[in-house]
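Along the sequence shown, residues are numbered consecutively beginning with 1.
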Amino acid sequence: MAETDAEESEQGPELVERVAAIDIAKASGMVCTRVPHEDKPGRRVQRVWNVAATSGAILELADHLICQGVTRVVMEATSTYWKPFFFLLEARGLECWLVNARDVKNVPGRAKTDKLDSVWLAKLAERGILRASFVPPKPVRELRDLTRSRAVLTHATGTSSARKISWRTRKSSSPQSSPTSSTSPAAQYSRP
């Protein structure tokens, strides 16, 4: 269910010709594309629609944006909900920009809806007003994931090993650590 509008705008040197913006929520993203009108120079065609936050829907979106000739996709950093959109669109070869919410603040007094936010984001992007936040390249992200996994595994196995060693050390070094001793932990819980 897409809405298409045409509007006149000034063609300046700073204008990004074909842009898409996504206002991301937990289960979906509101997409706005702004591209030049095919028949009327100086006019822009704006299309707004909703896309589910599933891999299949995002990959379909990527194919559609590539067919439209979109050169930049801009999205606002919203929790971690941006990651599937960013990574899947990037994997299809689109230039993705993640922007900080404070740089995208809407005009005070205007109604705030997902549709209006995506249109606002697209207009800011096409005029070159936004700057991209740093998202590490894929090899760095993969290395970070491996490092985090290693740290988790090392901590988990290291902790249990340390407990075993500590128990063995305590058990062998204490003269009263026999199971029949009245001060041993086992003796406290054993029945007479």
Side-chain angles (χ1 to χ4, degrees), residues 1-7 9-37 43-145 148:
M1 201 164 151
E3 294 182 27
T4 305
D5 299 327
E7 68 177 45
S9 65
E10 302 163 10
Q11 297 281 11
E14 75 283 346
L15 195 67
V16 178
E17 190 176 45
R18 295 174 174 273
V19 68
I22 309 172
D23 183 54
I24 301 170
K26 185 176 184 177
S28 65
M30 187 64 70
V31 180
C32 175
T33 56
R34 291 180 56 84
V35 297
H37 196 284
R43 295 184 67 115
R44 311 274 296 160
V45 176
Q46 172 179 294
R47 183 170 173 239
V48 182
W49 73 100
N50 199 24
V51 173
T54 62
S55 297
I58 296 170
L59 292 174
E60 281 182 32
L61 170 65
D63 293 340
H64 177 75
L65 295 178
I66 290 168
C67 288
Q68 290 289 314
V70 169
T71 55
R72 183 175 299 155
V73 181
V74 179
M75 58 198 81
E76 188 177 334
T78 307
S79 183
T80 57
Y81 305 140
W82 61 270
K83 288 183 177 185
F85 284 92
F86 190 96
F87 296 147
L88 290 172
L89 295 175
E90 179 187 55
R92 288 292 177 130
L94 290 163
E95 178 190 8
C96 295
W97 279 23
L98 184 68
V99 296
N100 195 313
R102 74 170 177 259
D103 297 338
V104 187
K105 292 204 189 244
N106 213 333
V107 177
R110 283 182 60 189
K112 184 173 173 11
T113 65
D114 291 344
K115 179 184 174 185
L116 290 175
D117 285 350
S118 66
V119 170
W120 178 251
L121 190 59
K123 287 181 177 182
L124 292 176
E126 78 181 356
R127 288 173 175 81
I129 295 173
L130 300 173
R131 60 188 171 96
S133 297
F134 175 71
V135 177
K138 188 171 184 174
V140 175
R141 291 193 305 257
E142 289 172 348
L143 180 63
R144 284 180 173 183
D145 289 343
R148 286 185 187 110

For this session: Please report the C-alpha distance between Tyr81 and Glu76 in whole Å, then the side-chain angles of each, then the deciding distance to 0.1 Å, and finally whether the side-chain contact (heavy atoms from CB on, under 4.5 Å) criterion is met.
Result: CA-CA 10 Å; Tyr81 305 140; Glu76 188 177 334; over 6 Å; no
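- Evaluation of the salt bridge (charged side-chain N to carboxylate O under 4.0 Å, His left out) rule for Arg141 yields Glu90 as partners, not counting sequence neighbours.
- Between Val73 and Val70, the shortest heavy-atom distance links the atoms CG2-CG1, 4.1 Å.
- A distance of 6.5 Å separates CG of Asp117 from CG of Asp114, quoted to the nearest 0.5 Å.
- To the nearest 0.5 Å, atom CD of residue Glu60 and atom CG of residue Leu88 are 12.5 Å apart.
- Contact of the Val48 side chain with the Val31 side chain is not registered, since no non-hydrogen atoms from C-beta on lie closer than 4.5 Å.
- Taking each heavy atom of Ala20 and Leu65 in turn, the nearest pair found is CB-CD2, 3.8 Å.
- Atom OG1 of Thr33 and atom NE2 of His64 lie 5.5 Å apart (nearest 0.5 Å).
- Cys32 SG to Trp49 CH2: the interatomic distance, rounded to the nearest 0.5 Å, is 8.0 Å.
- Every residue meeting the side-chain contact (heavy atoms from CB on, under 4.5 Å) condition with Pro137, not counting sequence neighbours, appears here in chain and number order: Phe134, Pro139, Val140.
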For this session: Go through the steps to decide whether Leu94 and Ile66 satisfy the test side-chain contact (heavy atoms from CB on, under 4.5 Å), and finish with yes or no.
Result: CA-CA 7 Å; Leu94 290 163; Ile66 290 168; 3.9 Å; yes
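- By the ring pair (Phe, Tyr, Trp, His ring centres under 6.0 Å) test, Phe86 pairs with Trp82, sequence neighbours left out.
- Taking CD1 of Ile22 as the start and CG of Leu121 as the end, the distance is 9.0 Å to the nearest 0.5 Å.
- For Arg34 against Arg44, the heavy-atom pair with the smallest separation is O-NH2, 3.2 Å.
- Sequence neighbours left out, the pairs with a member in residues 62-75 that pass salt bridge (charged side-chain N to carboxylate O under 4.0 Å, His left out) are Asp63-Arg92, Arg72-Glu95.
- The heavy-atom pair separating Phe85 from Ala53 by the smallest distance is CE1-CB, 3.9 Å.
- Annotation for Val16 and Ala125: closest pair CG2-O, 3.5 Å, computed over non-hydrogen atoms.
- Residues satisfying the side-chain contact (heavy atoms from CB on, under 4.5 Å) criterion with Val35, sequence neighbours excluded, are Arg18, Val45, Gln68.
- Looking only at side-chain heavy atoms (C-beta outward), Met75 and Leu89 come within less than 4.5 Å of each other.
- Listed by chain and number, the residues in a side-chain contact (heavy atoms from CB on, under 4.5 Å) with Ala57 are Val51, Ala52, Thr54 (sequence neighbours excluded).
- Shortest non-hydrogen contact noted between Ser118 and Met30 is CB-O, 3.4 Å.
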